[in-house]
Amino acid sequence: MASRLDRIAQQRRQKLDRIRRRGIEPYPYGYHRSHTTEQALALLETQEERSQEGATVSLAGRIMANRPMGKISFLDLRDGSGKIQLCLYKNRLSEESLELFQDLDIGDIIGVSGKLFRTKSGEPTLEVESLTLLAKSLQPLPEKWHGLADVDKRYRQRYLDLIANAETKETFQVRSRIIAAIRDFLNQRGFLEVETPVLQPSAGGALARPFTTHHHALDQDFYLRIAPELHLKRLLIGGFDRVYELGRIFRNEGVSTKHNPEFTMLESYEAYVDYNDVMSMVEEMVSEVCQQVLGSDKVEFGGEIINLKPPWQRLELRQAIKKYAGIDFEKYPDADSLRAEMLKLKMEVDPQKDRGRLIDELISTFVEPNLMQPTFLADYPVEMSPLAKTKPDNDRLVERFEAFAGGMEIANAFTELNDPVEQRERFVRQQKERQVKDEAEETIDQDFLLALEYGMPPAGGLGVGIDRLVMLLTGQQSIREVILFPQLKEKP
RNA sequence: GGGCCGUUAGCUCAGUUGGCAGAGCACCUGACUUUUAAUCAGGGUGUCACAGGUUCGAGACCUGUACGGCCUACCA
């Protein structure tokens with residue numbers, strides 16, 4: 001709503017008008033800078049080493065501070081690479097530049113050229129000889145010393161957060177490097193990066209409520225994908241032996257410090273390996289990425305030092321739940337008996353939950369919070385994992401593991417089920433159970449089942465929650481701190 | 001969904017027992033030729049989130065609403 005313009009914005013608009021009246025374009029099309037501020041600092045050092053005269057350089061960036069000292073003004077200029085001090089001698093500037101300077105504010109984006117020197121106190125400085133306005137700022141920046149602390153504002157106006165808080169900028173630079181390092185790791189191992197549909201006629205590969213949308217020309221409803229899994233497996237069938245996708249997926253569920261409705265997932269599939277091989281790959285990948293991005297394979301998270309160096313602890317799920325909850329789920333082969341046992345622990349148990357979900361609750365309540373150091377939990381009940389292959393000697397368990405660190409689940413992987421008949425049975429059983437409980441009906445991806453019938457090589461598949469991995473490596477306790485524009489409720 | 005906490009100037013925050021709306025930074029005016037959280041002198045720029053209620057009087061107390069945070073619940 002266009003309410004009353006505040007005082008500062010009004011003053012700045014007046015300055016903007018004055019600048020225009022003098023025939024200066026306040027939003028020109030470009031500026032040729034010769035150096036970034038970082039390069040300029042390096043150049044000054046080189047000049048000093050060789051005792052050279054300062055050459056003229058041109059820089060561009062945002063004015064971050066102004067310290068007028070009578071006939072001299074010192075400004076801080078910031079660009080993407082860093083910042084440098086500017087020095088303006090008012091009596092050495094042209095009248096035109098001087099007039100322009102009077103109408104500049106902190107926050108304006110300018111181009112400057114002049115010679116580099118060092119002040120008495122040793123500060124690298126550019127003496128401004130010419131001054132060009134590149135963009136007039138009409139809004140005051142957040143305060144320079146305390147920065148921007150209002151969490152709501154930091155997320156809704158992330159650009160201000162990035163300007164005001166160096167740590168925020170650093171977090172997202174690290175995020176970018178983590179993702180690049182993951183790509184490097186997988187590419188070097190011969191994985192092919194692919195892209196599969198976000199819009200899907202049936203949302204499979206995970207059990208989560210999807211977002212729905214509609215395509216007008218086709219007059220057809222679509223789901224936003226909740227996982228890329230079923231399409232990536234089609235590519236294994238098509239003959240790509242190693243594929244991965246790094247992309248956004250969407251789940252229409254709760255929002256919390258560990259959940260955002262859209263988040264970034266890595267999924268990889270490798271033919272002719274099983275979940276043990278994937279386990280080795282995960283610990284190598286995470287520790288190598290960490291080493292490459294942070295220069296260490298240890299990170300601090302929630303006040304604890306987490307050592308990501310392989311090998312990670314391996315624990316059978318059954319033993320882990322025994323250890324932390326005192327329940328051996330193998331002794332309770334159905335939901336009712338397991339629920340009764342959980343009630344003895346004074347857990348509030350949802351009577352709707354099936355055995356798989358009860359076990360999941362045991363994991364998240366008792367086990368997950370204890371897994372600060374990286375740990376693989378292995379061998380999950382088949383009810384929890386309809387896409388995973390059962391163990392050769394036990395058809396109630398599947399070859400699946402989840403990786404935990406910092407008390408969070410960061411990866412999920414299994415030996416992929418490639419028996420088309422069994423896969424169909426598992427889907428049908430799952431669908432029946434869901435219908436009994438009157439949950440949203442899930443359509444079976446018939447096209448995927450058809451694809452499986454052509455033969456999928458035995459394979460190990462992996463899913464990694466990139467946002468949570470970034471949280472772990474940057475020490476952030478909220479997923480909103482590692483997503484540039486997290487989902488928030490619209491302000492009225 | 002439930003519980004607790006928060007919302008005061010552009011930003012960061014005070015505001016006592018209910019009694020004239022405050023500070024620092026930013027901004028405006030002036031001084032200052034090596035400052036760097038520059039300094040000095042002067043200036044307060046506000047729908048106290050919103051809507052009701054109690055009261056002679058509400059930023060404060062009560063009720064409701066919105067948004068946010070934390071916890072919890074939900075969640076392959």
Side-chain angles (χ1 to χ4, degrees), chain A residues 3-12 14-15 64-76 83-92 105-107 117-125 127 137-157 160-161 163-165 203-209 226-227 229 249 251-261 263 265 348 350 352-354 356-357 359-361 363-365 380-381 383-388 398 400 402 409 412-414 430 439 442 463 465 477-478 480 486 488-492:
Chain A
S3 59
R4 184 185 59 85
L5 280 173
D6 70 41
R7 191 188 73 264
I8 294 174
Q10 260 178 3
Q11 286 165 356
R12 292 200 178 190
Q14 285 166 8
K15 290 178 180 178
M64 295 304 294
N66 181 20
R67 293 178 293 278
M69 275 281 307
K71 294 192 176 61
I72 298 187
S73 279
F74 293 95
L75 311 184
D76 288 340
K83 75 170 194 182
I84 192 167
Q85 177 169 269
L86 307 180
C87 163
L88 278 97
Y89 289 83
K90 289 181 185 169
N91 55 9
R92 296 184 199 171
D105 288 293
I106 291 173
F117 73 106
R118 211 173 272 274
T119 63
K120 279 178 190 165
S121 52
E123 181 75 18
T125 303
E127 189 198 324
S137 164
L138 300 179
Q139 295 286 344
L141 291 180
E143 199 234 3
K144 62 185 171 188
W145 191 240
H146 298 93
L148 185 68
D150 183 328
V151 176
D152 193 31
K153 210 160 252 156
R154 287 184 48 233
Y155 296 157
R156 289 181 200 275
Q157 295 182 276
L160 292 181
D161 189 25
I163 290 170
N165 300 315
L207 196 75
R209 196 201 291 187
I226 55 175
E229 173 149 0
I249 67 173
R251 296 187 180 179
N252 201 343
E253 285 165 357
V255 177
S256 77
T257 48
K258 292 190 174 62
H259 300 82
N260 195 61
F263 61 101
M265 178 94 123
E348 286 178 27
D350 182 349
Q352 291 285 317
K353 282 187 174 175
D354 56 31
R357 292 194 185 188
I359 292 171
D360 200 38
E361 185 157 333
I363 299 171
S364 46
T365 306
Y380 282 61
E383 307 92 297
M384 300 175 70
S385 319
L387 296 160
V398 294
R400 171 182 174 188
E402 290 186 305
E409 179 197 335
N412 178 26
F414 30 88
Q430 184 186 11
E439 289 180 23
E442 192 128 329
Q477 300 291 319
S478 168
R480 290 189 274 270
L488 298 177
K489 201 158 179 176
E490 197 176 2
K491 281 260 184 183

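Just so it is clear: chains get the letters A, B, ... in the order the sequence lines come, proteins before strands, and each one is counted from 1.
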Here the distance between atom C1' of B:rU35 and atom NZ of A:K90, to the nearest Å, is 13 Å

Report, one pair per line, the protein and nucleotides 68-71 of chain B atoms (nitrogen or oxygen only) whose separation is under 3.5 Å.
| from | atom 1 | to | atom 2 | distance (Å) |
| --- | --- | --- | --- | --- |
| B:rG68 | OP1 | A:K489 | N | 2.7 |
| B:rG69 | OP1 | A:R480 | NE | 2.9 |
| B:rG69 | OP1 | A:R480 | NH2 | 3.4 |
| B:rC70 | OP2 | A:R480 | NH2 | 3.0 |

Given B:rA76, B:rC28, B:rU34, which nucleotide is nearest the side-chain atoms of A:Q11?
B:rC28

Without swapping roles, check the side chain of A:S256 against the backbone of A:K258 for a donor-acceptor pair under 3.5 Å.
yes

Where the side chain of A:L207 is defined as all heavy atoms beyond and including C-beta, which of B:rA37, B:rA26, B:rA76 is the nearest nucleotide?
B:rA76

Which is more 5' along RNA chain B, the nucleotide nearest A:N66 or the one nearest A:F117? Just name the residue.
A:F117

Find every protein N or O atom lying less than 3.5 Å from an N or O atom of nucleotides 21-24 of chain B, and list the pairs.
none

Out of B:rU12, B:rA76, B:rC27, which nucleotide sits closest to the side chain of A:L148?
B:rU12

Taking the side chain of A:I106 as its heavy atoms from C-beta onward, which of B:rU33, B:rA26, B:rC28 lies nearest to it?
B:rA26

What is the distance, rounded to the nearest whole Å, between atom NZ of A:K83 and atom C1' of B:rU35?
12 Å

Let me know the distance between CZ of A:R357 and P of B:rA73, rounded to the nearest Å.
16 Å

Nearest 0.5 angstrom please: A:Y89 OH to A:K71 NZ, how far?
13.0 Å

For A:K153, answer base if it contacts any base atom (sugar-phosphate contacts may also be present), sugar-phosphate if it contacts only those atoms, and nothing otherwise; contact means non-hydrogen atoms under 4.0 Å.
sugar-phosphate

Roughly, in whole Å, what's the span from CD in A:E409 to C1' in B:rC75?
11 Å

Read 5' to 3' with Watson-Crick or G-U pairs under 3.5 Å, [ ] for crossing pairs and | for partners on another strand, RNA chain B gives (((((((..((((.....[..))))((((((.......))))).)...(((((..]....))))))))))))....

Interatomic distance, A:N252 CG vs B:rC74 C1' [rounded to whole Å]
12 Å

Among B:rU33, B:rC27, B:rU12, the nucleotide that comes nearest once only the side chain of A:I72 is considered
B:rU33

Tell whether A:E123 reaches the base of B:rU35 with its side chain through a donor-acceptor pair below 3.5 angstrom.
no

A:R400 CZ to B:rA76 P: how many Å, rounded?
10 Å

How many whole angstroms separate atom CG of A:L141 from atom P of B:rC11?
12 Å

Rounded distance in Å - NZ (A:K258) to C1' (B:rC75)
13 Å

Touch check for A:K144, heavy atoms < 4.0 angstrom, all strands: base, sugar-phosphate only, or nothing?
sugar-phosphate

So what does A:K15 touch, heavy atoms closer than 4.0 Å: a base, only the sugar-phosphate, or nothing?
sugar-phosphate

Among B:rC28, B:rU33, B:rU35, which nucleotide has an atom closest to any side-chain atom of A:D105?
B:rC28

Within the structure shown, what part of the strands sits under 4.0 Å from A:Q85 by heavy-atom distance: base, sugar-phosphate, or nothing?
base

Testing B:rU35, B:rA26, B:rC74 for proximity to the side chain of A:I8, the answer is B:rA26

Look at the side chain of A:D105 and the backbone N and O of A:G107, then say whether any donor-acceptor pair between them is shorter than 3.5 Å.
no

So what does A:G356 hit on the nucleic acid, given a heavy-atom distance under 4.0 Å: a base, only sugar-phosphate, or nothing?
nothing

